[in-house]
Amino acid sequence: MAYQNLLIDHSDGIATITINRPKSLNALSTATVAELNLAVEGVDGDREVKALILTGAGYKAFVAGADISEMTRMGTPAALTFSELGHRLCDALEALPIPTIAAVNGFALGGGCELAMACDLVYASENAQFGQPEVNLAVIPGFGGTSRLARRVGPHKARELIFTGDRIDAKTAAALGLALAVLPSDGLMAHCRAVAQKIAAKGPLAVSQAKKVIAAGSDLPLQAANALERQAFAALFGSLDQKEGMAAFLEKRPAHFQGR
Ligand code: CAA
């Protein structure tokens, strides 16, 4: 599949999607969001892929938001369709059975911050800036920012960020838990690949179940969340990988997982 706005790379079990519109700071046009939806679908069907990295082309931006030049022409029906497309993308990222990593290499604003927050792990370069500046344009976040930012940093801080539209730097984002770590710009991708490779070497069914249980459990009361954990924990004992992982430990050798 040839993409106009994305670069796709597959190597060593890791897929990397690079949003490639550097002239507009990788702004998310409708076509770009549609392509991202297709690319994520493609990853979903590929058993060889064990982790996905999402990043932006160049050193200035991850994604500077939804494409303002396109949104300026939208009325309510078109804005609803656009928002639905963005929500579908963020939901699809969260529903992927593999871990997703946002390599935030510059501005992650509006839809860019929302895209990063739909990923499981977020790492930022020193020059990264995060924010939901939609109120500057007299709109609100439209790709899940009101809900996901509140879940990531708490509703109090989310209100402040969304009401003021303030941008925060990478260190502040890390202090708030919006980013896991701050890396030098030229070391960001290597760090994300190292994390992805470490995860790719683990039992894939276990990683996938962990992702699922954490996501579902975080919206449930503790007892209900633990019930999900029990089911998933027990189900994994029916996998070949569990036998292999535990045998390998006892035999003091590396495990060879098959995802079965
Ligand atoms: N949409 C379309 N084009 C954008 C863009 C966006 N979100 N962000 C930047 N660009 C374009 C600029 O128009 C400019 O294009 P030209 O060279 O053709 O003029 C180019 O990218 C470079 O941008 P700047 O010259 O502005 O670069 P800067 O370094 O001076 O500023 C910036 C960088 C602070 C990120 C600034 O570009 C900016 O504020 N961008 C808009 C950020 C924003 O408001 N994002 C939220 C959009 S709304 C949204 O995302 C809704 C949602 O939730 C789905």
Side-chain angles (χ1 to χ4, degrees), residues 4-7 17-37 39-40 54-94 100 102-119 122 124-153 155 157-173 178-179 185 188:
Q4 303 299 313
N5 304 289
L6 308 178
L7 302 171
I17 301 178
T18 304
I19 298 148
N20 187 31
R21 302 184 74 216
K23 282 189 185 143
S24 55
L25 303 186
N26 304 319
L28 297 175
S29 60
T30 304
T32 308
V33 184
E35 286 190 359
L36 280 166
N37 268 300
V40 170
L54 206 57
T55 193
Y59 284 95
K60 196 170 170 186
F62 173 69
V63 167
D67 192 318
I68 300 169
S69 61
E70 195 182 84
M71 285 189 296
T72 196
R73 297 188 295 272
M74 287 181 188
T76 295
L80 182 60
T81 304
F82 187 48
S83 182
E84 283 167 354
L85 193 66
H87 281 162
R88 197 179 319 143
L89 169 61
C90 292
D91 292 349
L93 281 167
E94 286 179 340
T100 54
V104 177
N105 56 320
F107 293 111
L109 303 176
C113 188
E114 293 167 301
L115 196 56
M117 289 189 293
C119 293
V122 179
S125 61
E126 282 164 339
N127 67 325
Q129 291 192 31
F130 294 75
Q132 297 290 164
E134 288 87 350
V135 287
N136 294 325
L137 307 166
V139 294
I140 65 168
F143 289 178
T146 53
S147 50
R148 288 194 182 86
L149 188 61
R151 282 166 169 78
R152 287 267 163 124
V153 305
K157 190 67 190 176
R159 284 189 182 97
E160 183 186 46
L161 288 171
I162 291 172
F163 295 170
T164 62
D166 280 351
R167 299 203 298 258
I168 55 172
D169 63 17
K171 272 191 185 157
T172 309
L178 199 49
S185 291
L188 176 68

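The figures here come from the full heavy-atom set of this structure, side chains too, leaving out hydrogens, waters and symmetry mates. Every number for a ligand or one of its atoms is a count from 1 in the order of the listing.
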Measure [X] to ligand 1 on non-hydrogen atoms and call it side chain, backbone, both or neither using the 4.0 Å cut-off.
X	result
A66	both
L137	side chain
Q132	neither
A27	side chain

Stepwise, does the side-chain hydrogen bond (donor to acceptor under 3.5 Å, both in side chains) test hold for N20 with T18?
CA-CA 6 Å; N20 187 31; T18 304; over 6 Å; no
Got a protein heavy atom sitting under 4.0 Å from [atom]?
atom	value
atom 36 (C) of ligand 1	no
atom 16 (P) of ligand 1	no
atom 48 (S) of ligand 1	yes
atom 26 (O) of ligand 1	no
atom 19 (O) of ligand 1	no

Please walk me through it: do L115 and L93 pass side chain to side chain contact (heavy atoms under 4.5 Å, CB included)?
CA-CA 9 Å; L115 196 56; L93 281 167; 3.8 Å; yes
Under a 4.5 Å cut-off applied to non-hydrogen side-chain atoms, are L161 and L149 in contact?
yes
Regarding ligand 1, does [X] bring an N or O atom to under 3.5 Å of one of the ligand's N or O atoms?
X	value
S69	no
F107	no
F82	no
E134	yes

Residues D91, R148: salt bridge by 4.0 Å N-O rule:
yes
Of all the non-hydrogen atoms in the protein, which one sits nearest to [atom], and at what distance?
atom	answer
atom 24 (P) of ligand 1	L25 CD1, 4.6 Å
atom 11 (C) of ligand 1	S24 CA, 3.8 Å
atom 14 (C) of ligand 1	K23 O, 4.4 Å
atom 29 (O) of ligand 1	K60 NZ, 2.7 Å

Are any of the heavy atoms in P141 under 4.0 Å away from ligand 1?
yes
The atoms of ligand 1 lying under 4.0 Å from a heavy atom of G111, numbered in the order shown, are 49 (C), 50 (O), 52 (C), 53 (O)
Residue L109 vicinity, atoms of ligand 1 by number, heavy atom under 4.0 Å
35 (C), 42 (C)
Of G165, G65, A64, the one whose closest heavy atom lies nearest atom 43 (C) of ligand 1 is A64
